[in-house]
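In what follows, chains carry the letters A, B, and so on, assigned in the order in which the sequence lines appear, proteins first and then strands, with residues in each chain numbered from 1. On a predicted model such as this, the values are computed, not experimentally measured, just so you know.
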Amino acid sequence: MPELPEVETYVRELEPELTGRTITAARVFWSRTIAEPLAEEFPARIAGLGFDTFERRGKYMLLGMSDGSTLIVHLRMTGKLLILPSEREPDKHTHVVMELDNGLTLHYNDPRKFGRIWLVPDRTTVLAKLGPEPLADEFEIDDFGARLVGRTAPIKALLLDQRLVAGVGNIYADEALFRAHIHPGRAGGSLTPDEIERLHAAVRDVLAAGIRRRGSTLGGSSLQNYLRPGGLPGDFQNEFLVFRRTGQPCLVCGTPIARIVIAQRSTHFCPTCQPAF
DNA sequence: ATAAGGCCCTGACCGC
DNA sequence: TGCGGTCAGGGCCTTA
């Protein structure tokens with residue numbers, strides 16, 4: 001599940017591969033992957049453009065093109081943007097192929113088909129609703145706390161809301177709440193100033209750790225596997241303290257990790273380290 | 001304004 | 001072996 005650390009890893013690893021490269025042609029096999037422009041216009045619009053800049057905002061990849069437009073990619077659940085030899089045939093889950101001028105191609109592959117690609121003159125429209133960038137100075141404790149005042153929704157659900165803070169998904173929300181010793185079902189507005197400070201720090205710490213380990217690749221199901229542009233996995237799954245550890249002993253206190261559902265998302269926590277009250 | 005639920009998708013998994 | 005049913009899950013949309 002690509003979240004902020006996985007997308008950051010993508011941007012960092014794509015930059016050396018794509019800097020100076022030009023897209024010579026593109027093909028779209030599943031038109032709904034292209035959010036903008038119309039899918040049938042996408043190949044003609046992107047052909048001839050070069051890659052200039054490489055940035056990330058929340059879970060969005062921002063690839064600045066040579067005409068000033070931005071190729072925005074959101075991988076959602078199972079999206080991958082793979083760098084492959086041009087002779088590689090697209091498989092059944094490859095929805096967009098972009099040919100490069102050096103004999104390589106970019107394959108957008110996504111079994112769930114939830115991911116979206118935009119090619120837009122102005123990136124701000126797509127990103128308009130995002131909250132602060134959690135690893136930047138703009139993510140401030142006081143503002144974070146102010147946004148929680150009066151909120152009755154579970155703090156886990158609020159962390160998943162990209163308007164509160166951008167880039168946190170199911171994995172890193174659970175890991176941050178554990179590190180902050182906060183029960184995921186607590187009402188957002190019930191957090192004390194000390195808890196808000198701990199959670200603010202935990203969100204930053206866990207995202208930074210995820211980036212250092214180049215993201216999380218979930219084992220077992222090939223479906224949900226996040227893979228880096230070269231096809232390699234990340235390492236952060238080996239540092240999970242609660243995520244998908246249901247029934248296994250808490251690494252701090254030994255209590256079996258519990259699983260509940262919050263906001264239609266599986267949620268993992270330690271009942272001892274993260275008491276409800 | 002906020003909260004909650006449905007929807008999009010399809011491979012994995014389960015029970016018979 | 002095969003089949004039907006259920007589940008997961010980010011962001012967007014609708015409903016209350």
Side-chain angles (χ1 to χ4, degrees), chain A residues 1-8 10 28-36 39 56-62 72-81 90-96 108-118 120 123 125-131 134 144-177 184-191 203 207 210 215-227 237 240 242-247 259-268:
Chain A
M1 284 171 278
E3 304 179 26
L4 186 153
E6 290 74 23
V7 178
E8 179 68 24
Y10 253 90
V28 178
F29 303 104
W30 178 260
S31 57
R32 295 184 66 170
T33 296
I34 306 296
E36 197 180 334
R56 176 195 57 72
R57 177 81 171 92
K59 305 176 193 173
Y60 293 81
M61 256 183 267
L62 307 176
I72 305 178
V73 181
H74 196 305
L75 302 171
R76 292 274 182 95
M77 293 293 301
T78 54
K80 300 172 197 72
L81 194 57
D91 76 14
K92 63 186 290 197
H93 300 305
T94 296
H95 309 313
V96 180
Y108 180 74
N109 186 286
D110 185 0
R112 283 284 187 274
K113 297 181 174 173
F114 283 179
R116 293 292 179 263
I117 295 174
W118 296 255
V120 290
R123 62 177 68 175
T125 307
V126 177
L127 309 174
K129 292 177 179 174
L130 291 179
F144 183 52
R147 288 167 184 255
L148 295 177
V149 171
R151 302 296 298 268
T152 59
I155 185 62
K156 162 73 181 273
L158 296 176
L159 283 177
L160 297 178
D161 185 340
Q162 303 299 296
R163 294 169 298 185
L164 178 73
V165 55
V168 177
N170 209 34
I171 295 173
Y172 296 90
D174 282 5
E175 293 294 319
L177 286 164
R186 291 270 304 282
S190 76
L191 269 60
V203 165
L207 292 174
S216 309
T217 298
L218 300 176
S221 147
S222 61
L223 243 193
Q224 300 183 327
N225 270 3
Y226 145 82
L227 295 175
Q237 65 280 4
F240 287 171
V242 289
F243 192 77
R244 296 223 174 151
R245 295 194 65 245
T246 309
R259 178 187 179 277
I260 58 177
V261 174
I262 292 177
Q264 282 105 301
R265 302 292 181 264
S266 56
T267 298
H268 314 77

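Contact annotation: A/Lys113 side-chain N/O to B/dT10 OP1/OP2 distance is under 4.0 Å. Remark: A/Arg244 is in phosphate contact with C/dG9, judged by side-chain N or O atoms under 4.0 Å from OP1 or OP2. Side-chain N/O atoms of A/Lys59 include one lying less than 4.0 angstrom from OP1 or OP2 on C/dG11. At C/dG11, one or more side-chain N or O atoms of A/His74 fall inside 4.0 Å of OP1 or OP2 (strictly under the cut-off). Phosphate contact (OP1/OP2 of B/dC9, side-chain N/O of A/His93, threshold under 4.0 Å): absent. An OP1 or OP2 oxygen of B/dC9 is reached within less than 4.0 angstrom by no side-chain nitrogen or oxygen of A/Thr78.
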Nucleotide N/O of nucleotides 1-3 of chain B paired with protein N/O under 3.5 Å:
{"unit_1": "B/dA3", "atom_1": "OP1", "unit_2": "A/Thr152", "atom_2": "N", "d": "2.6"}
{"unit_1": "B/dA3", "atom_1": "OP1", "unit_2": "A/Thr152", "atom_2": "OG1", "d": "3.0"}
{"unit_1": "B/dA3", "atom_1": "OP1", "unit_2": "A/Ala153", "atom_2": "N", "d": "3.0"}
{"unit_1": "B/dA3", "atom_1": "OP2", "unit_2": "A/Arg151", "atom_2": "NE", "d": "2.6"}
{"unit_1": "B/dA3", "atom_1": "OP2", "unit_2": "A/Arg151", "atom_2": "NH2", "d": "2.5"}

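In this structure, A/Pro154 and A/Arg265 both approach DNA chain B, and ranking their closest nucleotides by distance from the 5' end singles out A/Pro154.
Rounded to whole Å, atom P of C/dG10 lies 10 Å from atom CG of A/Asp174. The nearest whole Å value for the distance from the CD atom in A/Gln264 to the C1' atom in C/dG9 is 10 Å. Nucleotide C/dG10 holds its P atom 11 Å from the CD atom of A/Glu6, rounded to whole Å.
A side-chain donor-acceptor contact under 3.5 Å links A/Tyr172 and A/Glu6. In summary, the side chains of A/His95 and A/Asp110 do not present any donor paired with an acceptor at a separation below 3.5 Å, with no hydrogens or angles considered.
In the helix from B/dT2-C/dA16 to B/dC16-C/dG2, the terminal helix axes, each the rotation mapping four pairs' C1' atoms onto the next four within five end pairs, subtend 50°, rounded to 10°.
With centres under 5.5 Å and a plane angle under 30° as the test, the ring of A/Phe114 is not stacked against the base of C/dG11.
Nearest heavy-atom pair across A/Glu175 and A/Phe243 is OE2-N, 2.8 Å.
Backbone-only engagement by A/Arg32 is indicated by non-hydrogen atom pairs under 4.0 Å involving sugar-phosphate atoms exclusively. Within 4.0 Å (heavy atoms only), A/Lys92 reaches sugar-phosphate atoms of the nucleic acid but no base atom. Nucleic acid contact for A/Gln162: sugar-phosphate only, since backbone atoms but no base atoms lie under 4.0 Å from a heavy atom of the residue.
For A/Tyr60, the side-chain atoms get nearest to C/dC12 when compared with the rest of B/dA4, B/dG11, C/dC12. Each of B/dC8, B/dT10, B/dA4 was ranked by its minimum atom distance to the side chain of A/Arg112; first place goes to B/dT10.
In this structure, CG on A/Leu164 lies 5.5 Å from CZ on A/Phe144, to the nearest 0.5 angstrom.
Remark: A/Asp161 engages A/Arg163 in a side-chain hydrogen bond (donor to acceptor under 3.5 Å, both in side chains) (not counting sequence neighbours).
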